[in-house]
Amino acid sequence: MHVVLPNGSELELPEGASGLDAARAIGPKLAEQAVLVRADGQVQDLRAPLRDGQRLQVLTVRDADDPDALAVLRHSSAHLLAEAVRRLHPDVQLAIGPPIADGFYYDFLFPEPIAEADLEPIEAEVKREIAEGREWSREVISRDEARVRFEAEGQPFKVELVDSAEGDISLYRQDDFIDLCRGPHLQNAKPIRAIKLTGLAGAYWRGDSSKPQLTRIYGTAFYSQADLDAHLERLEEARKRDHRRLGVQLDLFHLDEISPGSPFWHPKGMVIFNALEDLRRRENARRGYVEVKTPLIFDKTLWERSGHWEKFREHMFVIPGEDRTYGIKPMNCPGHMALFAHQLRSYRELPLRYAEAAPLHRNELAGALHGLTRVRHVTQDDAHIFCTREQIEDEIFGCLDYAKFLYDLFDLEASFELSTRPESKLGTDEEWDFTEGALQAALERRGLEYALNPGDGAFYGPKIDLHMTDSLGRSWQMGTIQLDSQQPARLGCRYVGADNAEHVPYVIHRALFGSLERFIGILTEHYAGAFPFWIAPVQVRVLPVGEDHREAAQELAARLAPYRVEVDASDETVGKRIRNAEVEKIPFVVVYGDKESHESLAIREHGGEQRTLSLAGFRAELATLLPWQAGAEPSLTS
RNA sequence: GCCGACGUAGCUCAGCUGGUAGAGCACUUCACUCGUAAUGAAGGGGUCCUCGGUUCGAGUCCGAGCGUCGGCUCCA
């Protein structure tokens, strides 16, 4: 048989030859450095047989940036970790150990709990194994054999994995350590030039909190020490743009244990908050929403009718009273539906779009709180669209278009996910077929790529979620667009149709920033604290050079109204005050001294670039930095 | 909620094997009035997260609680 090499040439091989055989046929050096092969685009173990006519690419230690090459290195590293842990803790039970985005982990059940200090000897043992040398070999046995083997070894998790596997079982051996594994793996441990154990955490077996909690050891590995160093440096850089750190440095907000999970917004943070609110109000008005305000607390009977009491009672703040119990609202929907249901509506009123960015409170699990990205006091840019069945697709389309408009305004890349019916749901499968189909149609019509997230919908309907990652690569849900075919009926929403009969409207729940708190957290990291001009807390800082220039500086600041301008007339050198403005990431600094006049201003942009502009010229330029004034109004793209 | 770590001045952090606290920045005052990322000097500031225990003596050791951080689970 023959295979096709990346340069297009063909290589003759004996029948049943492996990727390693192919590499050997090309050259001994290549065979030695090979870590993995890609056959017709699919990665496979070097030892796996090739098929006639396949396009073949041999990945080597030189492909240090290739995701597949890194994954195999880390997967093999996880096996070395398991071997080391079993040698140091012979009674440990092994679960699973896959490669992940930035490294790998392995889950263990230790007879005695271990602490972070125990990682050091384990890492030393892994390094000893690498120095000593390890080779991987693959073996395929039947499921029965595998079960007997792992039962004899006292490895119940492996037995469970064998039982849930299909077909024969492959094992990988290195030295005297044998692990159940699909592969692929390295030939030997030589390519693992840098390895580091990075953390310890609890993790439930099979991700199920009702199952035993295992101990997960995280690590990472690279083809070179330089790559590991670069990785650690990237992490350090990312930490510098962490919104929790920048939020304190830039005086935007703080958190206090007096109210965990509820930010104190400082004046500068509020400027950003209000800039987003202004944007929300302006766009809502343009897109046909109306603003409403509904109560913050409701009798618990409302939550019982909406279905939230049963499902989310644990996560609600409840106010017990003498004769009735109130729940502080964790979301706006029941309030908006009670408002809609207050009157009998006509189909002529639909679609009716209620918007309200009310403060919501959710008693999130203590361990889930996280800076601004997971809070108990949350402000959603919420809206509920009451519409007919026929209007659903257009309205979903409108929401998607609106979301895209907002994200483009901030140069944010969001990924879209369609979440479908969960196990515990209200309504029939026929109803869900229809609602899921409507969301899918709108996504496709707007031309958005999306991932399917089966089973992750809300209990009342499917949803489209917008996800973004923070500076450390963690994914967060931002916007959400949810179709609800259940709550409106439960809460008595009705309208009279053209047929003069009563109907229940559909409701689209949508929040596009998602939570303003989380959005500001993500924005802070996205811009590393250097916010664009139009949302920057201080937009311009004027620095009078000497005492004699203070009055003129004040005059200049007044002439820059209504921009957010400050005069820094403190007793510091010009250099120090410029440094302060840089540290505060203020977009523009205007130094004003003997050489300046309103005809000739010294403008310094954040970062150091300097220019001379007249006051009128400067104002004209600032105006171009307001997105809604830059040329034409943003237009609907439908 | 679960596993692990951490909690010292406004911020970032030091404080060895127990002997009642320290730096830089910030702040206040004084001098300097300054030209594009840190002028100099002096000074003020801490229930060492909380409660309990061990000890002659606890920031330091032990226990519990609270909070934060890294994960897991959850996220209307």
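Hydrogens, waters and symmetry mates play no part in the numbers below; they use all other heavy atoms, side chains included. The shown structure was predicted, so the numbers you read here are calculated from the model rather than taken from an experiment.
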Between [X] and [N], is there a side-chain N or O to OP1/OP2 distance below 4.0 Å?
| X | N | answer |
| --- | --- | --- |
| Lys329(A) | A76(B) | no |
| Thr573(A) | U39(B) | yes |
| Arg474(A) | G71(B) | yes |
| Arg313(A) | A76(B) | no |
| His370(A) | G70(B) | yes |

Touch class at under 4.0 angstrom, heavy-atom based, for [X] against every strand present:
| X | value |
| --- | --- |
| Ile114(A) | sugar-phosphate |
| Ala581(A) | nothing |
| Pro260(A) | sugar-phosphate |
| Gly575(A) | sugar-phosphate |
| Gly371(A) | sugar-phosphate |
| Asp594(A) | base |
| Tyr460(A) | sugar-phosphate |
| His509(A) | nothing |
| Arg239(A) | nothing |
| Asp571(A) | base |
| Val591(A) | base |
| Gly608(A) | nothing |
| Ala368(A) | base |

Looking at Phe459(A), I'd like to know if the NZ or CZ of Arg421(A) sits under 6.0 Å from its six-membered ring centre while staying within 45 degrees of the ring's axis.
no

Exam field: side chain [X] to backbone [Y], donor-acceptor pair closer than 3.5 Å:
| X | Y | answer |
| --- | --- | --- |
| Arg216(A) | Ala201(A) | no |
| Gln482(A) | His509(A) | no |
| Ser306(A) | Trp303(A) | yes |

With no angle test and no hydrogens, is the base of [N] tied to the side chain of [X] by a donor-acceptor pair under 3.5 Å?
| X | N | value |
| --- | --- | --- |
| Tyr204(A) | G1(B) | yes |
| Arg244(A) | C69(B) | no |
| Glu596(A) | G35(B) | yes |
| Arg374(A) | C74(B) | yes |

Which one, [options], comes nearest to the side chain of [X]?
| X | options | answer |
| --- | --- | --- |
| Glu547(A) | U33(B), A76(B), U36(B) | U33(B) |
| Glu116(A) | G35(B), A5(B), A76(B) | A5(B) |
| Arg550(A) | C72(B), U33(B), A76(B) | U33(B) |
| Ala203(A) | A76(B), G1(B), C72(B) | C72(B) |
| Arg604(A) | G70(B), A76(B), U36(B) | U36(B) |
| Lys576(A) | C72(B), A38(B), A76(B) | A38(B) |
| Leu369(A) | A37(B), U68(B), G1(B) | U68(B) |
| Glu572(A) | G35(B), C75(B), U39(B) | U39(B) |
| His308(A) | U73(B), U36(B), A76(B) | A76(B) |
| Arg362(A) | C66(B), C75(B), G4(B) | C75(B) |

What's the [atom1]-[atom2] distance between [X] and [N], to the nearest Å?
| X | N | atom1 | atom2 | value |
| --- | --- | --- | --- | --- |
| Leu200(A) | G4(B) | CG | C1' | 5 Å |
| Ile96(A) | C72(B) | CD1 | P | 12 Å |
| Gln249(A) | G10(B) | CD | P | 17 Å |
| Leu109(A) | C72(B) | CG | P | 18 Å |
| Leu119(A) | C3(B) | CG | C1' | 13 Å |
| Asp470(A) | C69(B) | CG | P | 12 Å |
| Asp456(A) | U73(B) | CG | P | 12 Å |
| Arg216(A) | U73(B) | CZ | P | 7 Å |

Using the [atom1] atom in both, what is the distance from [N] to [M], to the nearest Å?
| N | M | atom1 | answer |
| --- | --- | --- | --- |
| C27(B) | C66(B) | C1' | 30 Å |
| A5(B) | C61(B) | P | 13 Å |
| A42(B) | C48(B) | P | 29 Å |

Watson-Crick/G-U partner (both atom distances under 3.5 Å) of [N]:
| N | result |
| --- | --- |
| G46(B) | none |
| A31(B) | U39(B) |
| A58(B) | none |
| G18(B) | none |
| A23(B) | U12(B) |
| A5(B) | U68(B) |

Rounded to the nearest 0.5 Å, what separation is found between the CG atom of Leu81(A) and the OH atom of Tyr105(A)?
12.5 Å

Set out, in order, the CA-CA distance, both residues' side-chain angles and the distance that settles side-chain contact (heavy atoms from CB on, under 4.5 Å) for Thr373(A) and Arg474(A), then state yes or no.
CA-CA 11 Å; Thr373(A) 47; Arg474(A) 289 175 289 218; over 6 Å; no

Compute the ring centroids of His254(A) and Phe264(A), then answer whether they are less than 6.0 Å apart.
yes

Between Phe108(A) and Tyr106(A), is the ring centroid distance below 6.0 Å?
yes

On RNA chain B, does the nearest nucleotide to His361(A) precede the nearest nucleotide to Glu582(A) from the 5' side, or the other way round? Give the residue.
Glu582(A)

On RNA chain B, nearest-nucleotide positions of Lys595(A) versus Phe459(A): which is more 5'?
Lys595(A)

Can you tell if the side chain of Leu372(A) reaches within under 4.5 Å of the side chain of Arg518(A), non-hydrogen atoms only?
no

How are the rings of His361(A) and Phe317(A) set to each other: parallel, tilted or perpendicular (split at 30° and 60°)?
perpendicular

